[in-house]
Structures are given as structure tokens and as C-alpha cells.
Amino acid sequence: MPQIVLLPHATLCPDGAVIDAPAGKTLCDALLDSDVDIEHACEKSCACTTCHVVIREGYESLNEPTEKEEDLLDKAWGLEATSRLSCQVVLGDDDMVVEIPKYTINHASEHH
């Protein structure tokens, strides 16, 4: 079972977190199941960028991004080489370190 180290995020997880989640689960579901309320405006259907994360360690153990995910990521705030949509990341067997960017592009959110 991989361990996910979540770096601190001012709103969603101020102290950071360490999460154990089964391989094969999506990163978004693992975060939500651990009470990290990451945005997912499209209900995890790979139609927005609100669940954008940056994989700081463990990127190579993940499934490859699809062309659709890569196209959406081009619109994400703070895009980096190891950016992914957490709803599309299927956890592998390796531990990982994840950062949730400070901002998200969500025109429907009441908080922005």
C-alpha cells in the first residue's frame, strides 16, 4: 500500500498529511477519503483542472497521462513538468509526495 505525503496547503491541509491508500485507487479519491477536500468540479470525469496536483516524488510509478489529460493540464494554474489531474492518477505501489497548488481555475466555485 503506497504512502502519500501531502505537503501543507493553506486551506485544504494546513499541516500536511500522510495518507495510506491502496494501489489502483485514484489519487483524488484517496485524498477525499482522507478528508482532504480537493476540488473536483467535473466530478472526476477529466473535464476540468480543479483537481490539479504536482507530484514531487513518485511520478515515475504512476500511469501515463492521456492526451485529454495533457490538453487540460495546459490550462491549469502553476503547471509543472510533473503536474497531473488527481482524478486521473492511478496509484501504483511506490510512495509519493504531492503538492496541491495554491490556486485553481474554477469559475463555478463560490470560494473564488
Side-chain angles (χ1 to χ4, degrees):
M1 183 176 295
Q3 188 175 72
I4 303 162
V5 174
L6 188 60
L7 298 176
H9 181 279
T11 306
L12 301 177
C13 191
D15 296 324
V18 177
I19 299 166
D20 291 317
K25 185 172 223 166
T26 67
L27 177 57
C28 187
D29 284 336
L31 295 173
L32 291 169
D33 289 349
S34 298
D35 298 322
V36 177
D37 194 22
I38 189 165
E39 290 192 57
H40 52 289
C42 70
E43 295 302 318
K44 304 179 273 185
S45 66
C46 194
C48 73
T49 63
T50 59
C51 70
H52 169 227
V53 295
V54 179
I55 309 300
R56 296 290 178 206
E57 293 178 23
Y59 185 87
E60 60 284 339
S61 72
L62 303 175
N63 60 311
E64 292 287 323
T66 63
E67 186 174 328
K68 182 178 180 181
E69 180 184 357
E70 288 179 339
D71 288 346
L72 283 169
L73 281 168
D74 286 340
K75 301 172 186 175
W77 183 90
L79 183 67
E80 296 189 27
T82 58
S83 286
R84 293 292 305 267
L85 298 179
S86 67
C87 70
Q88 299 302 299
V89 171
V90 178
L91 299 175
D93 293 319
D94 294 347
D95 294 345
M96 46 193 298
V97 176
V98 177
E99 181 177 5
I100 300 173
K102 184 176 181 180
Y103 299 109
T104 182
I105 300 171
N106 184 355
H107 300 290
S109 176
E110 296 176 20
H111 304 294
H112 300 286

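For reference, positions follow the sequence shown, starting with 1.
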Nearest heavy atoms of [X] and [Y], plus distance in Å:
{"X": "Ile19", "Y": "Ser34", "result": "CG2-OG, 3.2 Å"}
{"X": "Gly78", "Y": "Ser83", "result": "O-OG, 4.2 Å"}
{"X": "Met1", "Y": "Ala21", "result": "CG-O, 3.0 Å"}
{"X": "Asp15", "Y": "Pro8", "result": "C-CG, 4.2 Å"}
{"X": "Ala10", "Y": "Pro14", "result": "O-CG, 3.6 Å"}
{"X": "Cys51", "Y": "Ile38", "result": "O-CD1, 3.8 Å"}

Ignoring hydrogens and geometry, is there a side-chain-to-backbone donor-acceptor pair from [X] to [Y] under 3.5 Å?
{"X": "Thr50", "Y": "Ala41", "answer": "yes"}
{"X": "Asn63", "Y": "Gln88", "answer": "yes"}
{"X": "Ser86", "Y": "Val53", "answer": "no"}
{"X": "His9", "Y": "Pro101", "answer": "yes"}
{"X": "His52", "Y": "Trp77", "answer": "yes"}

Gap separating the [atom1] atom of [X] from the [atom2] atom of [Y], nearest 0.5 angstrom:
{"X": "Ser45", "Y": "Lys68", "atom1": "OG", "atom2": "NZ", "result": "6.5 Å"}
{"X": "Asp29", "Y": "Lys44", "atom1": "CG", "atom2": "NZ", "result": "3.5 Å"}
{"X": "Glu99", "Y": "Cys13", "atom1": "CD", "atom2": "SG", "result": "12.0 Å"}

Do [X] and [Y] sit in one hydrophobic cluster, given that two such residues count as connected whenever their side-chain heavy atoms are within less than 4.5 Å of each other, even indirectly?
{"X": "Leu6", "Y": "Leu62", "result": "yes"}
{"X": "Val54", "Y": "Val36", "result": "no"}
{"X": "Ile4", "Y": "Tyr59", "result": "yes"}
{"X": "Val89", "Y": "Leu72", "result": "no"}
{"X": "Val5", "Y": "Leu12", "result": "no"}

Decide yes or no for [X] and [Y]: does some side-chain heavy atom of the first lie under 4.5 Å from some side-chain heavy atom of the second?
{"X": "Cys87", "Y": "His40", "answer": "no"}
{"X": "Ile55", "Y": "Leu27", "answer": "yes"}
{"X": "Arg56", "Y": "Glu80", "answer": "yes"}
{"X": "Asp94", "Y": "Pro2", "answer": "no"}
{"X": "Gln3", "Y": "Val18", "answer": "yes"}

Side chain to side chain contact (heavy atoms under 4.5 Å, CB included) between Leu7 and Val98, worked out: CA-CA 6 Å; Leu7 298 176; Val98 177; over 6 Å; no
Neighbour count above 12 (heavy atom, 6.0 Å) for Asp93 CG: no
Among Leu73, Leu85, Leu79, side chain to side chain contact (heavy atoms under 4.5 Å, CB included) partner for Thr49: Leu85
